[in-house]
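Atoms within a ligand are numbered from 1 in the order they appear, just like the ligands themselves. Along the sequence shown, the residues carry numbers beginning at 1. Every value quoted in this text rests on a predicted model; they were computed, and no experiment measured them.
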Amino acid sequence: MHKLVKYIRKIDYLFLLISVGLIVLQVYLELKIPEYTTELTKFATSTLTTSSDLPEVYKNGGLMLACAVSSMIAGIITSFFISTFSSNLSRKIRDELYKKILTFSNKDIHRFHTASLITRTTNDVVQIQNFASMGVQLLIKAPTMAIWGICKISATKLSWTMAALIAVCIIVIAVTIAVIVCLPRFKKIQKLTDSLNAQARENITGVRVIRAFNAEKYQDVKYEKINKDITDNNMVTSKTMGLISPIMSFVMNGLILAIYWLGVVIINDIKVDNQNMMQAMIERGEIVANMIAFTSYAMQIIMAFIMLIMIFIILPRTIVSTKRINEVLDTKPSIVDGNLNDEKVTEQGVVSLKNVSFSYYDDEHYALKDINLDINKGETVAIIGPTGCGKSTLVNLMMRFYDISIGEIDVDGHNVKDYKLNDLRKRFSLATQKAMLFKGTIKDNIALGVDEKDIDENKINEVLDIASCEFVNNLEKKENSEVSQGGSNYSGGQKQRISIARTLYKDSEIMIFDDTFSALDYKTDFNVRKKIKENLKDKTVIIIAQRIGTIKNADKIVVMEDGHIDAIGTHEQLLKESKVYQEIALSQLSKEEL
Ligand code: ADP
Ligand code: MG
């Protein structure tokens, strides 16, 4: 937990310090109240024998009321300070987590899983906030109250003190057992929450497919299993913790009974006869007053122990959550900036891969093997090959979404690992295989990451035209039309075209289209490519495609198979030389067309 302490602001330390003072004051005032009760009881019993002094009664009653009111005000101010402190702390931790996760590479995210990262930034942070608001107050109040209260009663009758001690012992034993039972369960519950979130996310995002395949039952079973697991664990912890409260009440009532019982015995021991009538009555009255005061103190001590128990309920969860948060914060991102000065780079639009091999899991299963490829400025390079042969992986490596272990990738004459990540990635304009749209407007999505005031409207219209986004003109608000999360209110082909327009808007020296044309019909595919060719004359263009027609005219065609390059050449060369290319071509074109 000490690692999270550094996120407490200086001003919050001041708030905490004031709160500690106020809590101690509160305890002092609350323990002061029984003293006035004692006085008042003495007055009350003395009226049995003499007429009592009313102004004294008013004075004591007034002071008692003043204590109660001051204690309440101190409590309110403490709550105010502590809530400010805990809310700010949780905000800071959430912030740090979010910033950290943004620096994670795909591999780092995969290690934690997306759902777990979400639970950690939400649910786990709430646990910490709860502890900071409730736990901190209890942690100060409970021990102060317990120790101070015990000091107050230790001077009174030994038999009463013993009774209180026994009551405390019973409570401590009960709580210890409860904590031992619950502790491992809390850890499990937090882990299961991760799985529950993951499963819920999958079910909700995939709901259409699930319905289409009538797989509701199948998915339900998976969800139910985790849900039941969580419920079972929650049930054990709640039931165990639930037992504590009745035990508490029983012990409290038992203690009151014991104190009064012992009190009656003591009172009985004071013999009343005619000579000492007055004296004995006063003595008895005093014992009744002490008994009432003692009961108040004892109840407060028991309350202190109840507070301690609440700490024991919150603390284990907090420790589990803290660990999970620290795991994220302590992770060193596996892909970090190099220290190349970008101004020193003179070349443009050049990529070179030398003996590159790459495996997603750092094992023997290579997604790419021995890749050698040179892409020159202004060239249009096409990559073709069956699905799963490593085409997307190849371009992902150029942009350093993953680091390679064998070989070297140079962009504009420098190793990709030497660049600052922003400097490297600004050189590429990538249209991903799966079009990814974000909540906002079409315009926001095209000028992604550009400030509203810096958006070039003419350029937006221009790229919409090049990407054949005619459908936008038919929308009521044109390019200002709304896009739902994930672009779910557009068709696959429309999303793909908006994503192409976005790539064109970024207008970097190297343009990559990862299988972006396959979602388009033949005619649109042809039109878009024609317009792109006219507009991107001096750019380096990398096109990944499935259709021979899409790439036939490229300067260089790379044929890939099973993670390696089979051949590189022009359409005509490859038709003669590459068996793999011939097969692809034959499956798509007739003999005559070839
Ligand atoms: P292509 O784009 O040619 O269809 P990919 O480059 O996407 O192929 O995938 C190449 C191989 O790498 C496939 O066998 C695929 O299973 C694997 N692969 C792709 N992405 C990942 C990933 N994020 N984690 C693990 N394996 C992956
Ligand atoms: Mg792919």
Side-chain angles (χ1 to χ4, degrees), residues 101-117 198 201-202 205 331 333-335 351 353 355-373 375 381-407 409 416 425 428-436 492-493 495-496 499-500 502-503 510-520 525 529 541-548 550-551 554 556-568 574 578 580-581 583-585 587-588:
I101 292 169
L102 286 188
T103 67
F104 279 6
S105 69
N106 299 17
K107 220 175 215 164
D108 302 329
I109 291 177
H110 185 83
R111 194 162 75 83
F112 285 103
H113 296 296
T114 317
S116 175
L117 287 175
R201 253 168 67 95
E202 187 178 89
T205 44
T331 301
S334 55
I335 293 186
V351 183
L353 293 95
N355 302 320
V356 172
S357 293
F358 170 73
S359 146
Y360 276 101
Y361 300 111
D362 295 323
D363 57 13
E364 300 296 297
H365 299 283
Y366 286 103
L368 291 176
K369 273 180 305 254
D370 271 330
I371 302 286
N372 283 290
L373 176 63
I375 298 173
V381 177
I383 306 176
I384 195 167
T387 37
C389 70
K391 306 181 294 292
S392 298
T393 307
L394 190 68
V395 292
N396 285 342
L397 292 183
M398 291 180 196
M399 294 183 72
R400 211 180 162 212
F401 293 134
Y402 296 91
D403 266 340
I404 49 168
S405 40
I406 306 170
I409 301 178
V416 287
R425 288 170 189 167
F428 293 91
S429 216
L430 169 73
T432 49
Q433 181 161 18
K434 188 164 170 271
M436 179 74 209
K495 274 194 277 196
Q496 204 53 276
S499 141
I500 292 172
R502 174 198 290 161
T503 310
I510 303 167
M511 313 286 273
I512 303 177
F513 299 93
D514 184 354
D515 225 347
T516 25
F517 301 114
S518 49
L520 309 180
D525 175 7
R529 274 186 297 111
V541 180
I542 301 173
I543 298 179
I544 295 177
Q546 308 276 350
R547 296 184 200 143
I548 296 270
T550 312
I551 55 151
K556 201 188 258 175
I557 298 172
V558 180
V559 183
M560 288 188 67
E561 194 190 38
D562 205 13
H564 64 267
I565 294 181
D566 176 72
I568 302 179
L574 290 172
S578 165
V580 180
Y581 193 75
E583 275 168 23
I584 300 171
S587 67
Q588 295 180 11

For this session: Mark yes or no for whether Asn372, through its side chain, and Asn355, through its backbone, hold a donor-acceptor pair below 3.5 Å.
Result: yes

Exercise. Quick one: are Ile101 and Phe112 in side-chain contact, heavy atoms under 4.5 Å?
Worked result: no

For this session: Could you see which bit of Cys389 sits under 4.0 Å from ligand 1, with heavy atoms only: side chain, backbone, both or neither?
Result: both

Exercise. In the protein, what heavy atom is nearest to atom 7 (O) of ligand 1, and what distance, to one decimal place, separates them?
Worked result: Ser392 CB, 3.8 Å

For this session: Give the ring-plane orientation class for Phe517 versus Phe513, where under 30° counts as parallel, over 60° as perpendicular and anything between as tilted.
Result: tilted

For this session: Give the numbers and elements of all ligand 1 atoms closer than 4.0 Å to a heavy atom of Tyr361.
Result: 24 (N), 25 (C)

Problem set entry | Residue portion contacting ligand 1 (non-hydrogen atoms closer than 4.0 Å) for Tyr402 | side chain

For this session: Say whether, by atom type as modelled, one donor and one acceptor occur between the side chain of Arg529 and the main chain of Thr550 under 3.5 angstrom.
Result: yes

Seminar exercise, completed: Which of Leu394, Ile384, Ile544 passes side-chain contact (heavy atoms from CB on, under 4.5 Å) with Met560? It is Leu394

For this session: Please check if the side chain of Lys391 supplies one atom and the backbone of Pro386 the other of a donor-acceptor pair under 3.5 Å.
Result: yes

Exercise. Are any N, O or S atoms from Thr393 nearer to the Mg ion (ligand 2) than 2.8 Å?
Worked result: no

Exercise. Can you give the angle Ser392 OG - the Mg ion (ligand 2) - Gln433 OE1, rounded to 10°?
Worked result: 90°

For this session: Give a yes or no answer on whether the side chain of Thr205 reaches the backbone of Arg201 with a donor-acceptor pair at less than 3.5 Å.
Result: yes

Problem set entry | atom 15 (C) of ligand 1 protein-contacted (non-hydrogen atom, under 4.0 angstrom) | no

Exercise. Near the Mg ion (ligand 2), is there an N/O/S atom from Thr387 that is less than 2.8 Å away?
Worked result: no

Exercise. Relative to each other, are the rings of Phe358 and Tyr402 parallel, tilted or perpendicular (30° and 60° limits)?
Worked result: tilted

Seminar exercise, completed: The closest protein heavy-atom partner of atom 18 (N) of ligand 1 is Tyr360 CE1, 3.2 Å

For this session: Among all protein heavy atoms, pick out the one at the shortest distance from atom 13 (C) of ligand 1; state its residue, atom name and that distance to 0.1 Å.
Result: Gly388 O, 3.8 Å

Exercise. Just checking, any donor-acceptor pair under 3.5 angstrom between side chains of Asn396 and Thr393?
Worked result: no

Exercise. Relative to the heavy atoms of Thr387, which atoms of ligand 1 are at a distance of less than 4.0 Å?
Worked result: 4 (O)

Problem set entry | N/O separation below 3.5 Å, Ala367 to ligand 1 | no

For this session: Considering only non-hydrogen protein atoms, determine which one is nearest to atom 9 (O) of ligand 1 and report residue, atom name and distance to 0.1 Å.
Result: Thr393 OG1, 3.6 Å

